[in-house]
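Taking it in order: structure first as structure tokens, then the write-up.
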Amino acid sequence: MSLIDGICLDRRSNIWTSSVDEVLRYQPDGTLIGRLSAPEIFENICGGGPALKRIHIST
């Protein structure tokens, strides 16, 4: 299932999205380059942290 909600960009313009129980990462051209599974269903993501290297997930 892929219900995209939260979207953020990293410094390389890669797109990070939330998708029910995964975080998906796409190149700017739309090619899927990674996915991270989450232990539970979540609603949104955003980038942050001191060096902008963290993804915050909200449930």
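In what follows, every heavy atom counts, from backbone to side chain, and hydrogens, waters and symmetry copies are set aside.
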- Query: From R25 CZ over to I15 CD1, what is the distance, rounded to the nearest 0.5 angstrom?
  - Reply: 11.0 Å
- Listed partners of N14 passing side chain to side chain donor-acceptor pair (under 3.5 Å), at least two apart: D10
- Check: Y26 and I7 side chains under 4.5 Å, non-hydrogen atoms: no
- CD1 (I33) and CG (L24) are apart, to the nearest 0.5 Å, by 11.0 Å
- Scanning both residues in full, the closest heavy-atom pair of S13 with P28 reads O-CG, 3.3 Å
- Query: Which distance, rounded to the nearest 0.5 Å, do you find between the OG1 of T17 and the CG of N44?
  - Reply: 10.5 Å
- Query: CD1 of I41: more than 12 outside heavy atoms within 6.0 angstrom?
  - Reply: no
- List in chain and number order the residues that pass side-chain contact (heavy atoms from CB on, under 4.5 Å) with I57, two or more places apart in sequence or in another chain; answer none if no residue qualifies. V23, F42, I45, I55
- Note on the structure: Sorted by chain and number, sequence neighbours left out, side chain to side chain donor-acceptor pair (under 3.5 Å) with R35 holds for E22
